[in-house]
Amino acid sequence: MEQVGVIGVGRMGLAMVKHLIKHRYPVTVCDIDLNNLNKAADMGAMVVPTAAELAKQATFVILGVGYDDEVREVTLGKEGVLQTLAKGCVIAVSSTVTPDTVKELDAAARAKGLDFLDAPICRGRWFADEGKLLALFGGKKEIVERARPVYATFSSDIAHLGEVGHGQVGKAINNLLLWVNSIGLIEAGRIAESTGIDLPNLAAALMMSSGASKALEDWDQTTFTWALKDMKIVSQMADQAGLSLPITGAVKELVKEARRVKATNPPKWTRSGA
């Protein structure tokens, strides 16, 4: 059984730790947030102060920090995983970052005799609580197969999309479609509200037609918290490919205001009014 290390035990990371421990994996964690570390310790995880210390205890390290620079720091930095992780161990990046970032880290890991997996996760915190996330894998088949039992503790579905970088491509495209749909729900909701129609009744009808979407189905759980970060990644990919994508550009700007709207006065697509 793998000795699992989790770097970054926020809302998603803590749920992952809970399921790993439930399935009897030994888990070591580190995070800059003392409150999160205390919660992980209460679940039964070992707590250490740095990524380098964590890597001494682990054979399989999962990164769940928020941004590209943080992923690089906990991997490549002076107190990073690459300083102490033994040859033959695995680094899996479940953070949402650019494809270029995971390709860079893959090269650095291979130079140290380590295996690397591009492994972003989808579906959000409520699915994480239930152990029903979707993991999008990019990497060699043998590393994917080694990772499956670990990720199956908190993921009901796993998709191997190709080489390192393709996991993040899948996540970026998923997020683009999510935020396009979510912006559409705000605008469609405003039009519908102006007519006096019962929005929850309309939502039920739409879910039986071509207007159906996961964004509508999960409207209560949508927060737009990470939407701008997601759209910056998509926009960077479009620029690198030399693509002119006006809808993508518009959505990148619209999600800024959408976060405020969803938190304060969203269209009432459900009876709960979220």
Side-chain angles (χ1 to χ4, degrees), residues 1-86 88-97 101-102 105 108-109 112 114-135 137 143 146-155 158 167 225-226:
M1 180 170 282
E2 303 283 3
Q3 309 290 309
V4 181
V6 180
I7 302 175
V9 285
R11 183 65 174 82
M12 299 290 283
L14 283 171
M16 293 159 68
V17 168
K18 177 186 72 173
H19 292 295
L20 285 162
I21 291 174
K22 178 181 176 181
H23 286 81
R24 302 186 183 280
Y25 279 92
V27 179
T28 304
V29 303
C30 72
D31 195 290
I32 59 173
D33 188 306
L34 182 59
N35 184 51
N36 288 341
L37 290 177
N38 289 336
K39 290 178 180 178
D42 289 343
M43 293 175 181
M46 177 188 297
V47 172
V48 294
T50 67
E53 285 296 318
L54 177 144
K56 293 177 182 179
Q57 312 294 329
T59 61
F60 193 106
V61 178
I62 299 172
L63 306 188
V65 296
Y67 295 91
D68 291 64
D69 57 347
E70 295 172 340
V71 170
R72 288 192 182 93
E73 179 61 28
V74 299
T75 307
L76 306 174
K78 289 189 293 185
E79 293 292 334
V81 170
L82 291 188
Q83 300 299 322
T84 56
L85 192 62
C89 294
V90 176
I91 301 173
V93 176
S94 285
S95 306
T96 299
V97 295
T101 293
V102 290
L105 298 179
K112 293 272 192 175
L114 301 169
D115 290 327
F116 187 89
L117 184 67
D118 172 19
I121 50 179
C122 303
R123 293 182 180 156
R125 55 194 185 276
W126 282 274
F127 285 89
D129 291 340
E130 297 299 319
K132 295 180 179 179
L133 293 171
L134 164 65
F137 283 174
I143 303 172
R146 179 174 174 179
R148 281 186 187 276
V150 176
Y151 275 77
T153 65
F154 50 81
S155 304
I158 295 171
T225 301
W226 296 96

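The structure presented is a predicted model; accordingly, all values stated were derived computationally and were not measured. This chain uses plain numbering: 1 for the first residue, then up along the sequence.
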Minimal non-hydrogen separation, [X] against [Y], with atom names:
| X | Y | result |
| --- | --- | --- |
| Val48 | Cys30 | O-CB, 3.2 Å |
| Arg146 | Pro149 | O-CD, 3.3 Å |
| Ser95 | Val71 | OG-CG2, 3.6 Å |
| Ile7 | Ala51 | CD1-CB, 3.7 Å |
| His19 | Gly131 | NE2-N, 3.1 Å |

At what distance, to the nearest 0.5 angstrom, does [atom1] of [X] lie from [atom2] of [Y]?
| X | Y | atom1 | atom2 | result |
| --- | --- | --- | --- | --- |
| Leu76 | Asp69 | CG | CG | 11.5 Å |
| His23 | Phe154 | NE2 | CZ | 11.0 Å |
| Leu63 | Leu54 | CG | CG | 9.0 Å |
| Asp118 | Ile91 | CG | CD1 | 13.0 Å |
| Lys18 | Asp129 | NZ | CG | 5.0 Å |
| Thr75 | Leu82 | OG1 | CG | 6.0 Å |

Is any side-chain heavy atom of [Y] closer than 4.5 Å to one of [X]?
| X | Y | value |
| --- | --- | --- |
| Lys22 | Thr153 | no |
| Phe116 | Leu114 | no |
| Leu85 | Lys112 | no |
| Met12 | Leu133 | yes |
| Val93 | Thr101 | no |

Practice task
Not counting sequence neighbours, which residues clear side chain to side chain donor-acceptor pair (under 3.5 Å) with Ser155? List them please.
Solution key: none
Problem - Trp226: partners by ring-ring contact (aromatic ring centres under 6.0 Å, His included), with sequence neighbours left out - result: Tyr67
Problem - Donor-acceptor contact below 3.5 Å, side chain Glu70 vs main chain Gly66 - result: yes
Handout entry: Gly5 backbone acceptor or donor facing Thr28 side chain under 3.5 Å
Key = no
Practice task
Kindly indicate, with the supporting measurements, whether the criterion side chain to side chain contact (heavy atoms under 4.5 Å, CB included) is fulfilled by Glu73 and Val65.
Solution key: CA-CA 10 Å; Glu73 179 61 28; Val65 296; over 6 Å; no
Problem - Test item: side-chain donor near acceptor, Gln3 and Thr59, under 3.5 Å - result: no
Using atom types as modelled, flag every donor-acceptor pair under 3.5 Å from a side chain in residues 35-44 to any protein atom, sequence neighbours excluded.
{"unit_1": "Asn36", "atom_1": "ND2", "unit_2": "Val9", "atom_2": "O", "d": "3.4"}
{"unit_1": "Asn38", "atom_1": "ND2", "unit_2": "Leu34", "atom_2": "O", "d": "3.4"}

Exercise for the section: Answer yes if the ring centres of Tyr151 and Phe137 are under 6.0 angstrom apart, and no otherwise. Expected result: yes
